[in-house]
There are 2 protein chains.
Amino acid sequence: MRPTVHDVAAKAGVSLATVDRVLNNRPGVRSVTRDRVERAIATLGYVRDVAAANLAKGRNYPFVFILPEGDNSFMRGLEGEVRAAMARSASERTQITLLPVPAFDAQVLVQALSEAHESRPAGVAVVAVDAPEVAEAVKRLRDDGIAVVTLVSDLPGSGRDHFAGVDNIAAGRTAGTLMGRFTGGRDGSVAVLAGSMLVRDHRDRLEGFSAVMAEEFPARRLLPVIEGQDDPVLVEKLVRALVEREPDLAGIYSLGAGNRGLVAALEKTGNSKTICTIAHELTPHSRAALRSGTIDAVLNQDAGHEVRSAIRVLKAKADGLAVIEAQERIRIDIFLKDNLPIEQA
Amino acid sequence: MRPTVHDVAAKAGVSLATVDRVLNNRPGVRSVTRDRVERAIATLGYVRDVAAANLAKGRNYPFVFILPEGDNSFMRGLEGEVRAAMARSASERTQITLLPVPAFDAQVLVQALSEAHESRPAGVAVVAVDAPEVAEAVKRLRDDGIAVVTLVSDLPGSGRDHFAGVDNIAAGRTAGTLMGRFTGGRDGSVAVLAGSMLVRDHRDRLEGFSAVMAEEFPARRLLPVIEGQDDPVLVEKLVRALVEREPDLAGIYSLGAGNRGLVAALEKTGNSKTICTIAHELTPHSRAALRSGTIDAVLNQDAGHEVRSAIRVLKAKADGLAVIEAQERIRIDIFLKDNLPIEQA
DNA sequence: CAATTTTTGATGTACGTAAATCAAAAATGT
DNA sequence: ACATTTTTGATTTACGTACATCAAAAATTG
């Protein structure tokens, strides 16, 4: 049988109350006695039954998740994962409030952060917009003892406790290697399609991609970056113009969202098979395009992992515990049509 | 506040005992009363506090994990994950026994299974050897009400409850697509290096790989399969002979273990950069070879995921609960040198 | 050595559920 | 209407920990 506090008390020759004082760092224990108890804990291999402890404490964790609104498939998937976490809140003793804000709007985000602040949560997770006033708002939360985790998009210099997202420079590098090798058999240039260079993730991905192309595939000509504002209609127009302008196009790296327009342009102009296309985020659209062969590879960050990691980290920070950073690192998944995961409800 | 059994009893106008009878499917409740209670549960949104329930039940899950011995890096990593799960056993109410057996020996595995049987565990996880007598032993366990999950290597027709491993046909297909596209720029043949065709995983991977090569890259010549018995020394010899025999070799797909010999042969003969090499399982060796460029891509199954999934499934089966198969599906990870996860301790 | 402070013990209640017992009430069959 | 069976209620104990209270013992101080 697993040892309990009673066993520890008996082994150490002290009362239950003393063991409790040691375990919960309460005052009023001589260091000699403390040592005796700790030795007993060590020899018995006692570990606190967390379930029973939480039950007794009635501990719960009120968290606020701030996510961008809009029809971005990835963000909607992320919201779905947060809602799934809310459904689990009973067993995880969390109490999650979802706070939607317009995308890419620093001012509104600052307001949302102070609104979250007023509800006095134990922690806040936020998809950050990279602006100094947002960083200030995050600082205020932290100064008030509220844990803050950035989600998907980071905010360096804000003093946030943790970033739950992928290394986007590495993601760009991975795309570069795939692009270079997939187009190895042919000539032609490569285009990069971004959402906006004002967003940190996109800048990082471009940096990684360009670096690998320059280092390892210097013969390949890189066209100037096209910014599609993650807008399917605009993207489609831009891509149509691109393929007309560049009959010799070997590949397109789409590092932002709004891939519907990209796919539409490629399929309507009959270029879906000839141009090597690499995109980000596995959504119903990108999945279909991958399966049909219009997209050749998708780099993905698992939104479910990110949300669950954010919650684990927020809990740990709220309890003042350490986080094993390596364990919370989010992987970059590569999907080809052959290793697509089964579609979930 | 979250509703409790007391609230449900009050709402339904019945006693605590009746609510308990409904919740735990105990007999002696009229269906009208049962309905009343269930309506109360629904309207209040009551969810059982699993922590409290487990505490009250004092439930624990004795499991046996049967793994092959030997210096196979992947298997040692798997063992490490099982030990990590043993360390968590306190909080997860599991009680895991590790049973090592010589690799690829059906007879010994049967003995190990009956030894496990005698300890009367709630469940058994086993890296299966594909043999009828093993299937028989698994059947005996299941007939005795013990849940059985196959790990990494499946055993169809044994009636096992679940397989915690990857779809190896899909893995082979993925390797095929990568090989075809990575070698797109050049002529030359492709070789396949297996451990043994007696093992199910290897057969499946070959099947998937060959299918994609035939369907999508019919011009590429596939050499006859080389069997290296997962033995580094033998593999090195065979690969050396191969590269001498086939000066025009474009790629090698190594679908088994023992990649140290492969890497050594390629590096010593100076072919490490010219031949496209795709291998399985991310180990310290394959990681180093990936980083140095000797291996171009590694397909991986996450041993940690597999072990945790196996435990979740064993628990569910032991409690007679349903498993959401889609949620327990193990993904095939693709690693390039650019998206390697940080090295863990 | 007495007075004071600090440390320890003993005990009880709480958390939300499980499980058992015994008595009471209601439904069923004849 | 009676006996019998089934259903329900009331109550208690337990799981392992947290936390509070009050008394007792030990250590420290003057």
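The model shown is predicted, which means the values in this text are computed figures rather than measured ones. So you know, we letter chains A, B, ... as the sequences are listed, proteins then strands, and number each from 1.
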Check your understanding: Within a strict 4.5 Å, meaning less than it, do heavy atoms of the A:Ile332 and A:Gln301 side chains meet?
Key -> no
Practice item. Kindly point out which of C:dT17, C:dG9, D:dT17 is positioned nearest to the side chain of A:Ser15? Key: C:dG9
**Study point:** Side-chain donor/acceptor contact of B:Arg21 with base of D:dG9 under 3.5 Å
**Key:** yes
Check your understanding: With a 4.0 Å cut-off on heavy atoms, is A:Asp20 in touch with a base, just the backbone sugar-phosphate, or nothing at all?
Key -> base
Practice item. Mind checking B:Ala53 for me? I need base, sugar-phosphate or nothing, with any heavy atom below 4.0 Å counting as a touch. Key: sugar-phosphate
Check your understanding: Is the distance from OP1 or OP2 of C:dG9 to the nearest side-chain N or O of A:Thr18 less than 4.0 Å?
Key -> yes
Point to revise | Nearest to side-chain heavy atoms of B:Arg30, which nucleotide of C:dA27, D:dT17, C:dG16 | key: C:dA27
Check your understanding: So which heavy atom on A:Val64 is nearest to which on A:Ala116, and how close?
Key -> CG1-CB, 3.9 Å
Study note, to complete from the structure: Separation of D:dC15 atom C1' from B:Asn54 atom CG, nearest Å, is 11 Å
Revision key, fill the gap. Checking D:dT11, C:dT17, D:dT17 against the side chain of B:Thr4 (C-beta onward), the nearest is C:dT17
Exercise for review: Looking only at non-hydrogen atoms, find the nearest pair between A:Ser309 and A:Glu328 and report the distance.
Suggested key: OG-OE1, 2.7 Å
Review point. Which distance, rounded to the nearest 0.5 Å, do you find between the CG of A:Leu55 and the CG of B:Asn54?
Key: 11.0 Å
Point to revise | Nearest to side-chain heavy atoms of A:Lys57, which nucleotide of C:dG16, D:dT17, D:dA18 | key: D:dA18
Exercise for review: Select from B:Pro27 and A:Asp49 the residue whose nearest nucleotide in DNA chain D is closer to the 5' end of that strand.
Suggested key: B:Pro27
**Study point:** Under 4.0 angstrom between B:Arg48 side-chain N/O and C:dA18 OP1 or OP2
**Key:** yes
Point to revise | Distance (rounded to the nearest 0.5 Å) between B:Thr283 OG1 and B:Phe74 CZ | key: 10.5 Å
Check your understanding: Within this structure, what is the CG-to-P distance between B:Leu23 and C:dT17, rounded to whole angstrom?
Key -> 8 Å
Practice item. Mind calculating the distance between CD1 (B:Ile41) and P (C:dT17) to the nearest angstrom? Key: 10 Å
**Study point:** Separation of D:dC15 C1' from B:Asn60 CG (nearest whole Å)
**Key:** 13 Å
Check your understanding: Is any side-chain N or O of B:Arg26 closer than 4.0 Å to OP1 or OP2 of C:dA19?
Key -> yes
Review point. Is B:Val50 touching bases, backbone alone, or none of the nucleic acid, heavy atoms closer than 4.0 Å?
Key: nothing
Exercise for review: Report the distance from atom CG of B:Asp319 to atom P of C:dA18, rounded to the nearest whole Å.
Suggested key: 12 Å
Practice item. Take the protein atom CZ of A:Arg2 and the nucleotide atom P of D:dG16, then report the distance between them rounded to whole Å. Key: 9 Å
Point to revise | Selection from C:dA19, D:dA10, D:dT17 that lies nearest to any side-chain heavy atom of A:Val5 | key: D:dT17
Review point. Within this structure, what is the CG-to-P distance between B:Leu55 and D:dT13, rounded to whole angstrom?
Key: 18 Å
Exercise for review: Please check if any side-chain donor atom of A:Arg48 sits under 3.5 Å from a side-chain acceptor atom of A:Asn24, or the reverse.
Suggested key: yes
Review point. Taking CG from A:Asp7 and C1' from D:dC15, how many angstroms apart are they, rounded to a whole number?
Key: 14 Å
Exercise for review: Looking only at side-chain atoms of A:Ala56, point me to the closest of D:dC15, C:dA14, D:dG9.
Suggested key: C:dA14
Check your understanding: What does A:Gly58 touch in the nucleic acid at a heavy-atom separation under 4.0 angstrom: a base, only the sugar-phosphate, or nothing?
Key -> nothing
Revision key, fill the gap. By nearest-nucleotide position on DNA chain D, the 5'-leaning member of B:Leu16 and B:Arg93 is B:Leu16
Practice item. Using a heavy-atom cut-off of under 4.0 Å over every strand shown, decide if B:Asn24 touches base, sugar-phosphate, or nothing. Key: sugar-phosphate
